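Just so we're on the same page: letters track the sequence lines, and every chain starts at 1. Here the structure is a predicted model, which is why all the values come from computation and not from measurement.
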Amino acid sequence: MKIEAISVTDLNRYIKEKVADDEYLKHVFVKGEISNFKHHYTGHMYFTLKDENSLIKCIMFKSYTNNLNFIPKDGMKVMVLGTVSVFERDGVYQIYCQAMQEDGMGNLHTQYEKLKNKLEQEGLFDEKYKKKIPFMPEKIGVLTSKTGSVIRDIINVSTRRNPNVYLRLLPVPVQGEGAGEKIAKGIKLMNEKKLADVIIIARGGGSLEDLWPFNEEIVARAIFESEIPVISAVGHETDFTIADFVSDLRAPTPSAAAELAVPNIIDVEAKILNYKNKYKILLKRKVELMKLQYEKCINSKGFNKPVQIVQDNYIRLDNINKIMENKIKDKLNIKKNNALTLISKLDTLSPLKTLTRGFCITEKEGKIIKSIKQLEAGELVKIKFTDGEKQAKII
Amino acid sequence: MKEGKVSFEEIMEKLESIAQDLEKGDLSLEESIEKFEEGMKLSKECSKILENAEKKINILIENEDTIKEESFVSTEE
């Protein structure tokens, strides 16, 4: 059986009917961003609606375009109500729009992103511009609404941490038309009149619309130009408004902002006491160190050197004296011994001794005669005996 | 910040630097004593500032270009 090919027209018609039958596609409500928008001279509008991943062609006939309350432009976020249908001639499906409105939320998001990027390029978010939050601010400025829990939380936390805290509330609207201007004016006022040493701008959670004033450029610039450091606590912890990016410090909640602004007095007093004790200990250590050095110096060899030298010399002196004494003693002994030996020798040789043994000494004219040859008969001699002497004649 | 009046921060920073100087220990005895006395004086000043501080929860009310400051009692309890 041969398959019969169908014509393009037939195919497109078939698809068109298929699409036309689908209930859902009869009334679609679609959001997206307008691109290659053309307002045809016939009054009809041709454009595509896109998101990050895909796009669809749209057409809005003149009869419907008259009801628009805004002028569509490329890049605008819109929501369209219409029917999806196939334009047979081109084999294209498209939305035939009957109504279109701006996508508020969508637009806010784009504005937010756009402003965020712009300010980021300008460097308003740079770390180097972030001012340090003073450790102990004297006066704390708070910009928030005077009703509601935010200001109450801030007051409670601050007074708990420092019973003598000085808070200055400058009430500002935190949402709605004109809120941004008032917030910016408030920040400028605080600066001009030096009303505070730190400023907290805060508001509770809310939708993107609610938080919108904190995304406005006027507020961002006021924060950036503020001489006084700014802590921002806007919306829920997960919300990040442009004010949070520009502020000097972002706190997740108003209470956290108060904690960051107000140091706990007990800690401060403890810190001061700690310094006092530290000084006492360090000075004591210094004094002890100096005493040690003094003593070390006093006992040091160098300092005692002269004394030492004197003492050493005394010792040497004593030693020398001792040595001399010994030497002299020795010499004396030697001499004494010599003398004794001589004496004893003398004694033994002494003629007197021989005399006592019966010998006698013969002298002629005072000289001792040792040999008979020295004597002639008739000469006179003297004979010495142990107990005396006698004259004698040689015969 | 008030000009002229030394801020609490500056005093605290001074206290910290004195602690470090004494810690280093390379000061002469006279210098150490001087630093010690200065530190004690400054810490008394800090305590005095804390004692003199007085609780003020005020609201600023603008009329024309003057600002009135009144005590603020938060409405809802």
Leading residue by heavy atom contact count with chain A [cutoff under 4.5 Å; candidates [options]]:
{"options": "B:S47, B:C46, B:A19", "value": "B:A19"}
{"options": "B:I67, B:L42, B:I61", "value": "B:I67"}
{"options": "B:I11, B:N52, B:L27", "value": "B:L27"}

Decide if atom [atom1] of [X] counts as having more than 12 heavy atoms of other residues, nucleotides or ligands within a radius under 6.0 Å.
{"X": "A:E295", "atom1": "CD", "value": "yes"}
{"X": "A:K284", "atom1": "NZ", "value": "no"}
{"X": "A:I298", "atom1": "CD1", "value": "yes"}
{"X": "A:E227", "atom1": "CD", "value": "no"}

Verdict with reasoning, B:L50 to A:N164, per side-chain contact (heavy atoms from CB on, under 4.5 Å): CA-CA 8 Å; B:L50 295 182; A:N164 299 334; over 6 Å; no

Intermediate values then yes/no, side-chain contact (heavy atoms from CB on, under 4.5 Å), A:N162 and B:K55: CA-CA 9 Å; A:N162 177 6; B:K55 172 175 178 177; over 6 Å; no

Side-chain donor/acceptor of A:Y279 to backbone N/O of B:L15, under 3.5 Å: yes

A:M136 backbone acceptor or donor facing B:E9 side chain under 3.5 Å: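 Yes.
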
Beyond-backbone contact of A:K139 with B:K56, side-chain heavy atoms, under 4.5 angstrom: no

Heavy-atom proximity to chain A below 4.5 Å, by part of B:E23: both

Between B:E16 and A:Y275: side-chain donor-acceptor atoms closer than 3.5 Å: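 A donor-acceptor contact under 3.5 Å links the two side chains.
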
Interatomic spacing from CD1 in B:I18 to CG in A:L282 - rounded to 0.5 Å: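 That separation rounds to 11.5 Å.
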
CD on B:E69 to CG on A:L195, rounded to 0.5 Å: 8.0 Å

Criterion side-chain contact (heavy atoms from CB on, under 4.5 Å) on A:K286 and B:L22, from CA distance to verdict: CA-CA 8 Å; A:K286 182 74 190 178; B:L22 287 173; over 6 Å; no

What part of [X] gets closer than 4.5 Å to chain B, counting heavy atoms only: side chain, backbone, both or neither?
{"X": "A:K278", "result": "side chain"}
{"X": "A:K280", "result": "both"}
{"X": "A:I228", "result": "neither"}
{"X": "A:T159", "result": "side chain"}
{"X": "A:L167", "result": "both"}

Verdict with supporting geometry, A:L189 and B:L60, side-chain contact (heavy atoms from CB on, under 4.5 Å): CA-CA 11 Å; A:L189 185 68; B:L60 303 176; 5.9 Å; no

Pair A:K185 + B:E62, salt bridge at N-O below 4.0 Å: yes

Partner chain B: residue of A:L289, A:I281, A:I272, A:L273 with the largest heavy-atom pair count (under 4.5 Å): A:I272

